[in-house]
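Read the structure below first, then the notes.
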2 protein chains.
Amino acid sequence: MSQPDTKERILDVAEELFARQGFHATSLRAITGAAEVNLAAVNYHFGSKEALLDAVFERRLTPLNRERQARLDAVQAVAATEGRPLRAEEVLRALIEPTLRLYESGPGASSFILLVGRALSGSDELVRQTFLQHMGALFALLLDLLGQALPQLPRNQLFWRLQFALGATGHALRWAGGGLELPGGFTQPPSVEELIDMVVGFSAAGMEAPCP
Amino acid sequence: MSQPDTKERILDVAEELFARQGFHATSLRAITGAAEVNLAAVNYHFGSKEALLDAVFERRLTPLNRERQARLDAVQAVAATEGRPLRAEEVLRALIEPTLRLYESGPGASSFILLVGRALSGSDELVRQTFLQHMGALFALLLDLLGQALPQLPRNQLFWRLQFALGATGHALRWAGGGLELPGGFTQPPSVEELIDMVVGFSAAGMEAPCP
DNA sequence: GTCTATAGATTGATAGAC
DNA sequence: GTCTATCAATCTATAGAC
């Protein structure tokens, strides 16, 4: 070890700046300056700017995905013991709720939420690819469970509706993370609780829409 | 005039590169190189890189917004003569369909669709602000008409659901513009027609979801 | 592990000849 | 209007002293 955690301070600041300004718009100087560490520390501890981005994702996504996986398993188990099919609403909630609840786990996490919103919306291809490398397995499981919940929906339609739900969720995450200014001086953001209910309700209704 | 339209060629190339790589990741040298014009031409014709971005939006958004406005007016008129309330589905379609139909108006337009998707998702704050400057009035009208279509929905809920719909639409636009690679080697993109129906159907169902 | 110093490349913008 | 040449700033990354 070194200082009261140089590595951690770099991760905290990088997370915030990548989220608020984007990856390309954030220089190593901005990161090391705000973290009050030396410019060379990033390359010493992480190897490169890209590897730093990967580390930012890895730190939060490893425990978060563990929790999401557990909740998806639980949803499956409950439906099985109750002898009923899965509901799209509970599957989506198992995915979305742990993510948005990160918001309550401290000020740093809200930046991460914003960063995930960014990655979900594919704003920056490098950010998106790095994010997807940590998400591949979960995405496949998600598609499978939603297929069980909506067996009448053609697989093609299912895929695209899930994309729309991810688009809506990504947008919600950017709001929750404080990444967007309200247009036209509108109302203040809702509570995390309300936002979860709103985006899950919206997405579930969209997924269950009658087939055209 | 000069060459067979130096200014137009710069706009075409800038539109494509801003859409595919992002604003910050695109250098003036990349633009002028691909457009086969001199490096100094951008500053001569537009003044700065930011002013070029504004011109890219202005070129397509002025006629597009005129059409969207006309369609929203038409939807209102039809509902009035038929003596029935507005439907959320037709309001959303009046907004979304002209945008996605740009896709058929030539290869250049598909890049613009992708760029709008980018701007909608707030990936880059400068791109988003520039885009919003061209959209302010239409957004207010949209919120008003959706309020008429869903009078039982609290104004707060309405606002957020519209945000989710915009998130879903932005995601759809990025797919339609060819901006995202399909994860897990999935199926090919649907036709524009199908995509319009899917995203309008999804968003309308989400907006009309029962209030929690 | 942390620091200074700097290499080496790239950027947006401009001056001035033609 | 177009061109060359270049400035001044910025960037990532690294070498080498401590």
Side-chain angles (χ1 to χ4, degrees), chain A residues 1-59 115 118 123-130, chain B residues 1-59 115 118-119 123-131:
Chain A
M1 287 298 140
S2 50
Q3 294 279 105
D5 254 8
T6 293
K7 218 171 153 177
E8 215 66 24
R9 278 219 309 287
I10 292 175
L11 283 172
D12 288 340
V13 170
E15 177 172 78
E16 169 156 2
L17 294 184
F18 288 162
R20 316 252 161 217
Q21 316 177 350
F23 179 75
H24 279 103
T26 301
S27 69
L28 290 182
R29 280 175 174 78
I31 294 170
T32 54
E36 295 177 314
V37 301
N38 190 271
L39 170 61
V42 166
N43 278 288
Y44 176 79
H45 286 287
F46 299 96
S48 73
K49 190 185 174 186
E50 288 196 19
L52 172 59
L53 177 66
D54 193 81
V56 166
F57 276 121
E58 199 278 335
R59 176 174 65 154
L115 183 59
R118 233 176 227 286
S123 56
D124 187 308
E125 194 53 27
L126 177 68
V127 174
R128 182 165 171 270
Q129 287 300 332
T130 307
Chain B
M1 287 299 143
S2 51
Q3 293 279 108
D5 254 8
T6 293
K7 217 170 153 177
E8 213 67 24
R9 279 219 308 287
I10 291 175
L11 283 171
D12 288 340
V13 170
E15 177 173 78
E16 170 155 4
L17 294 184
F18 288 162
R20 316 256 159 212
Q21 316 177 352
F23 179 75
H24 280 102
T26 301
S27 69
L28 289 183
R29 280 171 176 79
I31 294 170
T32 54
E36 296 178 312
V37 301
N38 190 271
L39 170 61
V42 167
N43 278 287
Y44 177 78
H45 285 287
F46 299 96
S48 73
K49 191 185 174 186
E50 289 196 20
L52 171 59
L53 176 66
D54 193 82
V56 166
F57 275 121
E58 198 279 335
R59 176 174 65 153
L115 183 60
R118 230 177 228 286
S123 56
D124 186 308
E125 194 53 27
L126 177 68
V127 175
R128 182 164 171 272
Q129 287 301 332
T130 306
F131 172 72

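Chain A is the first sequence line, chain B the second, and so forth, proteins listed ahead of strands; every chain is numbered from 1.
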Would you call D12(A) and K7(A) a salt bridge, taking side-chain N to carboxylate O under 4.0 Å as the test?
no
Strand-adjacent residues in residues 10-19 of chain A, judged by heavy atoms under 4.0 Å from DNA chain C:
none
Whole Å only: how far is the NE2 atom of H45(A) from the C1' atom of dT14(D)?
16 Å
Need the bend value for the helix from dG1(C)-dC18(D) to dC18(C)-dG1(D): angle between end axes, 5 pairs each end, nearest 10°.
10°
Side-chain N,O (T6(A)) to OP1/OP2 (dT2(C)) below 4.0 Å
yes
Sort and list the pairs that fulfil salt bridge (Lys or Arg N to Asp or Glu O under 4.0 Å) and have at least one residue in residues 46-55 of chain B, not counting sequence neighbours.
none
Whole-Å distance between dC3(C) P and E36(A) CD?
11 Å
Along nucleotides 11-18 of chain C, 5' to 3', which nucleotides get a B, which get an S, and which get a -, given that the test is a protein heavy-atom distance under 4.0 Å?
BBBB----
Between dG1(D) (P) and E8(B) (CD): distance, integer Å
13 Å
By ring pair (Phe, Tyr, Trp, His ring centres under 6.0 Å), F57(B) pairs with (sequence neighbours left out) F131(B)
Name all residues meeting the salt bridge (Lys or Arg N to Asp or Glu O under 4.0 Å) criterion together with R29(B); count only those two or more places apart in sequence or in a different chain, and write none if there are none.
none
Tell me if a side-chain donor or acceptor on T26(A) pairs with a main-chain N or O of L17(A) at a distance below 3.5 Å.
yes
